[in-house]
Enquirer: 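One structure, as C-alpha cells, below. Some questions next.
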Amino acid sequence: MSNTTKKSWRTSLYKIIYEAETSAGKLFDVVLMITIIASILLVMLESVKSIDSKFHNFLNISEWVITILFTIEYIARIITVKQPAKYIFSFYGIIDLLSTIPKYISLFFGGIHALAALRALRLLRIFRILKLARYLGASNNLVNALKASRAKISVFLFAVIIVAIILGTVMYLVEGEENGFTNIPKSVYWCIVTLTTVGFGDIAPQTPLGQFIASMVMILGYGIIAVPTGIVSAEYASQGTKQKPEPPKTNLNTQSCENCLATNHKDKADYCYNCGEKLYG
C-alpha cells in the first residue's frame with residue numbers, strides 16, 4: 001500500500017470518526033449515540049433478575065457485540081491520529097477505555113461488567129455533534145462562583161455540624177435508649193437526617209419535649225437549606241460584573257485537529273489555532 005493510499009484511507013476514516021461536518025461523520029455519530037444508549041439499557045436490564053433469567057443469553061451476546069464494536073472504534077481512534085497518546089490520555093480517551101474494558105474484566109471478576117454504565121459519559125460527545133460546545137463557556141461562571149463561595153460554605157457547614165452535634169446530644173439525653181437514641185453518634189445521625197428534611201423515619205422522638213425539639217430542628221432545616229443556595233447565587237451574579245462578555249461564537253464547526261485533537265475551529269479554517277497543523281478540508 002502506497003503512502004498516498006495509506007494517508008487517504010487514514011484521512012477518510014479520521015473525518016468520519018472525529019468530525020461531524022460530512023454526512024458519513026454525522027451518520028457515524030448518530031449510530032454511536034444509539035449504540036451507547038442501547039448498551040446502557042442492556043446493562044440496566046441485566047441487573048433486573050426477572051428479565052435476566054429469561055433473556056440472559058440474548059443480553060450477554062448483545063453486550064459482547066457492542067463491546068467488540070466499541071473496541072474496534074477505540075483502536076480506530078488511536079490509529080487515525082498523529083499523536084495517539086494525545087487521545088489515549090485525553091478525557092474522552094480515558095472514558096472510551098473505561099467504557100470498553102468492564103466486559104473483558106468480567107471474565108475474571110464477576111459483576112464488574114455493570115461498570116459498563118460508564119458509557120453514559122460518552123454521550124457528552126452530543127455537545128460536539130449538535131455544536132453546543134460554544135455555550136459551555138457560561139458554565140465557567142458557575143465553577144468560579146463555587147470556588148469563590150467555598151470559604152463561606154465551609155464555615156456554614158462547620159456551623160451546621162456543630163449544631164447537629166449539640167442537638168443530637170440533647171436528644172440523646174431527652175429520649176434515651178428506650179426510644180431508639182441508643183448513643184450520641186446515632187442521635188447526631190438523626191439530627192442530620194432531620195435537618196436536611198430527609199426524614200427516614202427509622203428513629204423518632206416519643207416524649208413531648210423530644211417532639212418539640214424535633215419540630216424546631218425541622219423548621220431550622222428549611223432555613224438552613226436556603227443559605228448555601230443564596231451564597232452561590234450571589235457569587236454567580238457577581239461573575240457577570242467581573243468578566244467582560246465574550247462575543248458569541250457563531251462561526252464554529254466540528255473540525256478536529258489530527259495532531260492535537262483541538263476542536264471548535266472557525267468555519268473554513270485551514271490550520272489548527274492551537275498547534276498550526278493543516279486541517280482536513
Side-chain angles (χ1 to χ4, degrees), residues 1-40 42-43 62-105 113 115-134 136 249 251-281:
M1 182 183 294
S2 65
N3 291 335
T4 303
T5 304
K6 183 178 180 181
K7 184 176 181 180
S8 176
W9 166 81
R10 191 164 156 273
T11 300
S12 300
L13 186 59
Y14 179 88
K15 287 183 178 181
I16 293 174
I17 295 177
Y18 283 97
E19 299 182 5
E21 296 296 320
T22 63
S23 57
K26 291 178 181 177
L27 178 62
F28 174 82
D29 286 331
V30 170
V31 172
L32 178 62
M33 293 299 120
I34 294 174
T35 306
I36 292 171
I37 294 173
S39 68
I40 295 170
L42 288 173
V43 173
S62 299
E63 182 59 27
W64 270 115
V65 170
I66 292 177
T67 298
I68 292 172
L69 290 176
F70 282 157
T71 303
I72 296 173
E73 179 221 353
Y74 180 74
I75 295 173
R77 287 183 180 275
I78 293 176
I79 64 177
T80 53
V81 294
K82 291 184 177 180
Q83 298 186 45
K86 286 278 188 179
Y87 164 71
I88 293 174
F89 295 104
S90 67
F91 172 77
Y92 284 118
I94 295 173
I95 292 301
D96 291 345
L97 178 62
L98 292 178
S99 64
T100 303
I101 61 176
K103 193 64 177 177
Y104 295 112
I105 297 178
H113 70 280
L115 292 176
L118 288 171
R119 290 170 182 167
L121 292 174
R122 300 194 70 191
L123 294 174
L124 291 173
R125 281 195 172 92
I126 198 171
F127 287 104
R128 181 182 67 86
I129 298 171
L130 300 180
K131 298 184 180 181
L132 298 177
R134 69 193 66 171
L136 294 180
K249 300 177 181 178
N251 58 339
L252 303 180
N253 58 29
T254 63
Q255 279 184 303
S256 176
C257 176
E258 180 195 15
N259 184 54
C260 69
L261 299 180
T263 56
N264 294 334
H265 294 92
K266 292 183 178 180
D267 283 334
K268 300 180 180 179
D270 294 323
Y271 297 93
C272 174
Y273 64 83
N274 185 51
C275 67
E277 181 76 11
K278 174 71 175 177
L279 296 176
Y280 291 138

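Since the model is a prediction, treat every value here as computed from it, not as a measurement. Just so it is clear, the values below take in all heavy atoms, side chains as well, and ignore hydrogens, waters and symmetry mates.
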Enquirer: May I ask you to test the F28-E73 pair for a side-chain heavy-atom distance under 4.5 Å?
Expert: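 Answer yes - side chains close enough.
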Enquirer: Can you name the residues that form a side-chain hydrogen bond (donor to acceptor under 3.5 Å, both in side chains) with S62, not counting sequence neighbours?
Expert: none
Enquirer: At what distance, to the nearest 0.5 angstrom, does OG of S99 lie from CD1 of I66?
Expert: 11.5 Å
Enquirer: Please enumerate all residues that pass side chain to side chain contact (heavy atoms under 4.5 Å, CB included) together with L97, with sequence neighbours excluded.
Expert: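 Here the qualifying residues are Y74, I101.
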Enquirer: Does any part of the side chain of Y87, heavy atoms only, come nearer than 4.5 Å to the side chain of T80, both counted from C-beta?
Expert: no
Enquirer: Quick check: do L13 and Y18 have side-chain heavy atoms less than 4.5 Å from each other?
Expert: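 Counting from C-beta outward, L13 and Y18 never come under 4.5 Å.
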Enquirer: Of all residues at least two apart in sequence or in a different chain, which pass the side chain to side chain contact (heavy atoms under 4.5 Å, CB included) check with I72?
Expert: I68
Enquirer: Which pair of non-hydrogen atoms, one from I17 and one from D29, has the smallest distance, and what is that distance?
Expert: O-OD1, 4.2 Å
Enquirer: State, to 0.1 Å, how close T67 and T100 come at their nearest heavy-atom pair, and which atoms those are.
Expert: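 Closest heavy-atom pair between T67 and T100: CG2-O, 3.6 Å.
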Enquirer: Rounded to the nearest 0.5 Å, what separation is found between the CD atom of Q83 and the CZ atom of F89?
Expert: 12.5 Å
Enquirer: Distance from L69 atom CG to T35 atom OG1, nearest 0.5 Å?
Expert: 7.0 Å
Enquirer: Any side-chain heavy atom of R77 sitting closer than 4.5 Å to one from D96?
Expert: yes
Enquirer: Taking only residues two or more places apart in sequence, or in another chain, which ones meet I34 in a side chain to side chain contact (heavy atoms under 4.5 Å, CB included)?
Expert: V30
Enquirer: Contact between Y14 and W9 at the side-chain level, heavy atoms closer than 4.5 Å - yes or no?
Expert: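 The answer is no; the side chains never approach within 4.5 Å.
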Enquirer: List the residues meeting side chain to side chain contact (heavy atoms under 4.5 Å, CB included) with I75, not counting sequence neighbours, and say none if there are none.
Expert: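 Side chain to side chain contact (heavy atoms under 4.5 Å, CB included) list for I75, sorted by chain: T71, I79.
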